Amino acid sequence: MDRRLDKRYLTGAVSAMEKQYGVEKTEAIIEDAWRRYAEIVDENADEPKKMYMHTRKRIYPAIAAFDAMTGNGISREEAAAFLNRYYEKRAAGVGAKIRGAMKIPGLYKLVPRFFAKMTKSSFGEDCGFRADWIRTEQEEMCFDMLACPYQDTCVKYGCPEIVAGFCRADDEAYGHMHPKLKWGRTKTLGQGGDCCDFRLTIES
């Protein structure tokens with residue numbers, strides 16, 4: 001396999017795809033998806049390496065899977081629904097692990113500042129994002145995401161339908177971390193909003 005390609009997204013989708021479409025059709029889709037994934041990586045060979053964790057790990061394989069599914073006779077609506085469910089389910093597993101970690105007494109109190117630091121590092125401008133930071137305090141993190149490579153890249157490749165799954169995955173992973181942590185977001189770029197209004201607050 002091409003070492004530039006991250007195998008986890010497409011490999012992880014095989015089981016769910018086989019249940020819905022059968023082994024033979026799934027094999028055809030996945031073969032086409034790997035080929036398309038490599039093409040997209042080639043087309044974006046000059047992108048900064050810091051973007052790889054988003055583009056090569058998640059965005060490009062999702063676009064490739066969408067193109068392969070529609071190219072094998074699956075409607076755009078059905079392909080997007082399948083991929084969005086698949087990614088949301090993956091995120092739910094991450095959410096379960098986070099909730100397990102949050103059982104450590106007092107750990108939840110560190111989350112807003114940790115999330116702010118993590119976001120600025122892994123979701124900063126050198127990764128293709130642009131944010132307006134409103135507040136970062138011990139008990140609250142607030143920012144609006146104004147530009148997002150998940151949105152921009154999927155629109156560029158003609159499949160904006162799959163961005164909603166990435167958006168909802170955040171809610172699956174972070175929406176119920178701890179009873180005293182409130183994850184609040186009323187809109188996202190991928191669901192038609194003018195920004196993604198991220199809010200994370202410790203409730204007394």
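Just so we're clear, the structure is a prediction, and the values are computed from it rather than from any experiment.
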Peer 1: Applying salt bridge (charged side-chain N to carboxylate O under 4.0 Å, His left out) as the test, list every pair that has at least one member in residues 117-129; sequence neighbours left out.
Peer 2: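 Counting only pairs at least two positions apart or across chains, the salt bridge (charged side-chain N to carboxylate O under 4.0 Å, His left out) contacts touching residues 117-129 are Lys50-Asp126.
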Peer 1: Who passes side chain to side chain donor-acceptor pair (under 3.5 Å) against Gln138, sequence neighbours left out?
Peer 2: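 If we apply the side chain to side chain donor-acceptor pair (under 3.5 Å) test to Gln138, skipping adjacent residues, the hits are Arg113.
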Peer 1: Establish whether Ile134 and Phe114 are linked, either directly or via other cluster members, by ILVMFWY side-chain heavy-atom contacts under 4.5 Å.
Peer 2: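 No, it is not one cluster - the side chains of Ile134 and Phe114 are not joined through contacts under 4.5 Å.
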Peer 1: Could you tell me whether Tyr60 and Tyr9 have their ring centroids closer than 6.0 angstrom?
Peer 2: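 No, too far apart.
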Peer 1: Could you walk me through whether Arg56 and Tyr52 satisfy the side-chain hydrogen bond (donor to acceptor under 3.5 Å, both in side chains) test, starting with their C-alpha distance in whole Å, then the side-chain angles of each, then the deciding distance to 0.1 Å, before giving a yes or no?
Peer 2: CA-CA 5 Å; Arg56 298 191 181 186; Tyr52 290 1; 3.2 Å; yes
Peer 1: Are the charged groups of Lys156 and Glu43 less than 4.0 angstrom apart, N to O?
Peer 2: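 Result for this pair is no, no salt bridge flagged.
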Peer 1: Can you confirm whether more than 12 heavy atoms, excluding those of Lys25, are under 6.0 Å from its NZ atom?
Peer 2: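 Counting neighbours around NZ of Lys25, more than 12 heavy atoms of other residues, nucleotides or ligands fall under 6.0 Å, so yes.
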Peer 1: So which heavy atom on Thr188 is nearest to which on Cys167, and how close?
Peer 2: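 Between these two residues, the closest heavy atoms are OG1-SG, 3.3 Å.
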Peer 1: Applying the 4.5 Å side-chain criterion to the ILVMFWY set and letting contacts propagate, would Ile162 and Val14 be lumped into a single cluster?
Peer 2: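 Same hydrophobic cluster.
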Peer 1: Which residues pass the salt bridge (charged side-chain N to carboxylate O under 4.0 Å, His left out) test with Glu78, not counting sequence neighbours?
Peer 2: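 Result, salt bridge (charged side-chain N to carboxylate O under 4.0 Å, His left out) vs Glu78: none returned.
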Peer 1: Answer with yes or no whether the hydrophobic clustering places Met53 together with Phe115; edges join I, L, V, M, F, W, Y residues whose side-chain heavy atoms lie under 4.5 Å apart.
Peer 2: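 No, no single cluster joins them.
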Peer 1: Does the side chain of Gln151 reach to within under 4.5 Å of the side chain of Gln191, using non-hydrogen atoms?
Peer 2: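 Answer no - side chains too far apart.
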Peer 1: Only counting residues at least two apart or in another chain, list the ones meeting salt bridge (charged side-chain N to carboxylate O under 4.0 Å, His left out) with Asp152.
Peer 2: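 Salt bridge (charged side-chain N to carboxylate O under 4.0 Å, His left out) check on Asp152 returns nothing, list empty.
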Peer 1: Could I get the full list of side-chain contact (heavy atoms from CB on, under 4.5 Å) partners for Glu140, not counting sequence neighbours?
Peer 2: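 Only Arg135, Glu137, Cys142, Thr201 meet the side-chain contact (heavy atoms from CB on, under 4.5 Å) criterion with Glu140.
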Peer 1: Who are the ring-ring contact (aromatic ring centres under 6.0 Å, His included) partners of Tyr157, not counting sequence neighbours?
Peer 2: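 Partners of Tyr157 by the ring-ring contact (aromatic ring centres under 6.0 Å, His included) criterion come out as none, since no residue qualifies.
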Peer 1: Could you report the tightest heavy-atom contact between Ala173 and Val94, atom names first, then the distance?
Peer 2: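 In terms of heavy atoms, the two residues are closest at CB-CG1, 4.3 Å.
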Peer 1: Who are the ring-ring contact (aromatic ring centres under 6.0 Å, His included) partners of Tyr108, not counting sequence neighbours?
Peer 2: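 For Tyr108 the ring-ring contact (aromatic ring centres under 6.0 Å, His included) partners, ignoring immediate neighbours, are His178.
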Peer 1: Could you state the interatomic distance from CE (Met102) to NZ (Lys97), rounded to the nearest 0.5 Å?
Peer 2: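 If I round to the nearest 0.5 Å, the distance is 14.5 Å.
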Peer 1: Evaluate side-chain contact (heavy atoms from CB on, under 4.5 Å) for Phe129 paired with Met51, printing each intermediate quantity in order.
Peer 2: CA-CA 10 Å; Phe129 297 85; Met51 294 186 70; over 6 Å; no
Peer 1: In the structure I gave you, are the side-chain heavy atoms of Met118 and Phe123 within less than 4.5 Å of one another anywhere?
Peer 2: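 They are in side-chain contact.
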Peer 1: Could you list all the salt bridge (charged side-chain N to carboxylate O under 4.0 Å, His left out) pairs where at least one residue sits in residues 8-19, not counting sequence neighbours?
Peer 2: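 The answer is Asp6-Arg8.
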Peer 1: Would a single hydrophobic cluster contain both Leu146 and Val155, if residues Ile, Leu, Val, Met, Phe, Trp and Tyr are joined by side-chain heavy-atom contacts under 4.5 Å?
Peer 2: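 No; tracing contacts between hydrophobic side chains, which count when under 4.5 Å, never links both residues.
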Peer 1: List the atom of Thr70, the atom of Ala79, and the distance in Å for their closest heavy-atom pair.
Peer 2: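 So the minimum-distance heavy-atom pair works out to CG2-CB, 4.1 Å.
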Peer 1: State the CE-SG distance between Met69 and Cys159, to the nearest 0.5 angstrom.
Peer 2: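 SG of Cys159 is found 12.5 Å from CE of Met69.
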Peer 1: Shortest non-hydrogen contact from Thr55 to Glu47?
Peer 2: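 Residues Thr55 and Glu47, closest heavy atoms: OG1-OE2, 2.8 Å.
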Peer 1: I'd like to check Ile63 versus Cys154 (side-chain heavy atoms, cut-off strictly below 4.5 Å). Are they in contact?
Peer 2: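 They are in side-chain contact.
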Peer 1: Start with the C-alpha gap between Lys182 and Leu200, add the side-chain angles, then the distance that decides, and say whether side-chain contact (heavy atoms from CB on, under 4.5 Å) holds.
Peer 2: CA-CA 6 Å; Lys182 181 180 179 181; Leu200 182 60; over 6 Å; no
Peer 1: Do Arg4 and Asp42 have side chains that get closer than 4.5 Å, going by heavy atoms?
Peer 2: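 Yes, close enough: below the 4.5 Å cut-off.
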Peer 1: Between CD1 of Ile30 and OG1 of Thr11, what distance do you get to the nearest 0.5 Å?
Peer 2: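 These two atoms lie 7.5 Å from each other.
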Peer 1: Rounded to the nearest 0.5 Å, what separates atom OH in Tyr37 from atom CD1 in Ile59?
Peer 2: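 That separation rounds to 10.5 Å.
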Peer 1: Could you grab the distance from atom CE of Met145 to atom CG of Asp170, nearest 0.5 Å is fine?
Peer 2: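 One finds 9.5 Å between CE of Met145 and CG of Asp170.
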Peer 1: Return each pair, listed once, that meets salt bridge (charged side-chain N to carboxylate O under 4.0 Å, His left out) where at least one residue sits in residues 194-204; pairs must be two or more places apart or across chains.
Peer 2: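 Qualifying pairs, neighbours excluded: Asp144-Arg199, Lys187-Asp194.
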Peer 1: Using the salt bridge (charged side-chain N to carboxylate O under 4.0 Å, His left out) criterion, which residues pair with Glu88? Sequence neighbours excluded.
Peer 2: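 Here the qualifying residues are Arg168.
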Peer 1: Closest approach of Ile29 and Met17, non-hydrogen atoms and distance?
Peer 2: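 Smallest interatomic distance, heavy atoms only, reads CG2-SD, 3.6 Å.
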Peer 1: ring-ring contact (aromatic ring centres under 6.0 Å, His included) with Phe143: which residues, sequence neighbours excluded?
Peer 2: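 Here the qualifying residues are Trp133, Phe198.
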Peer 1: With sequence neighbours left out, write down each residue that passes ring-ring contact (aromatic ring centres under 6.0 Å, His included) with Phe166, or none if nothing qualifies.
Peer 2: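 By the ring-ring contact (aromatic ring centres under 6.0 Å, His included) rule, Phe166 matches Tyr87, Tyr150.
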Peer 1: Going only through I, L, V, M, F, W and Y residues with side-chain contacts under 4.5 Å, is there a path from Val163 to Tyr86?
Peer 2: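 No, separate clusters.
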Peer 1: Can you tell me how far apart CG (Asp67) and CG (Asn72) are? Round to the nearest 0.5 Å.
Peer 2: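 So the CG of Asp67 and the CG of Asn72 are separated by 11.0 Å.
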Peer 1: Please find the pair of heavy atoms, one from Asp32 and one from Ala68, that lie closest to each other, and give the distance.
Peer 2: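 Smallest heavy-atom distance, with atoms named: CB-CB, 3.8 Å.
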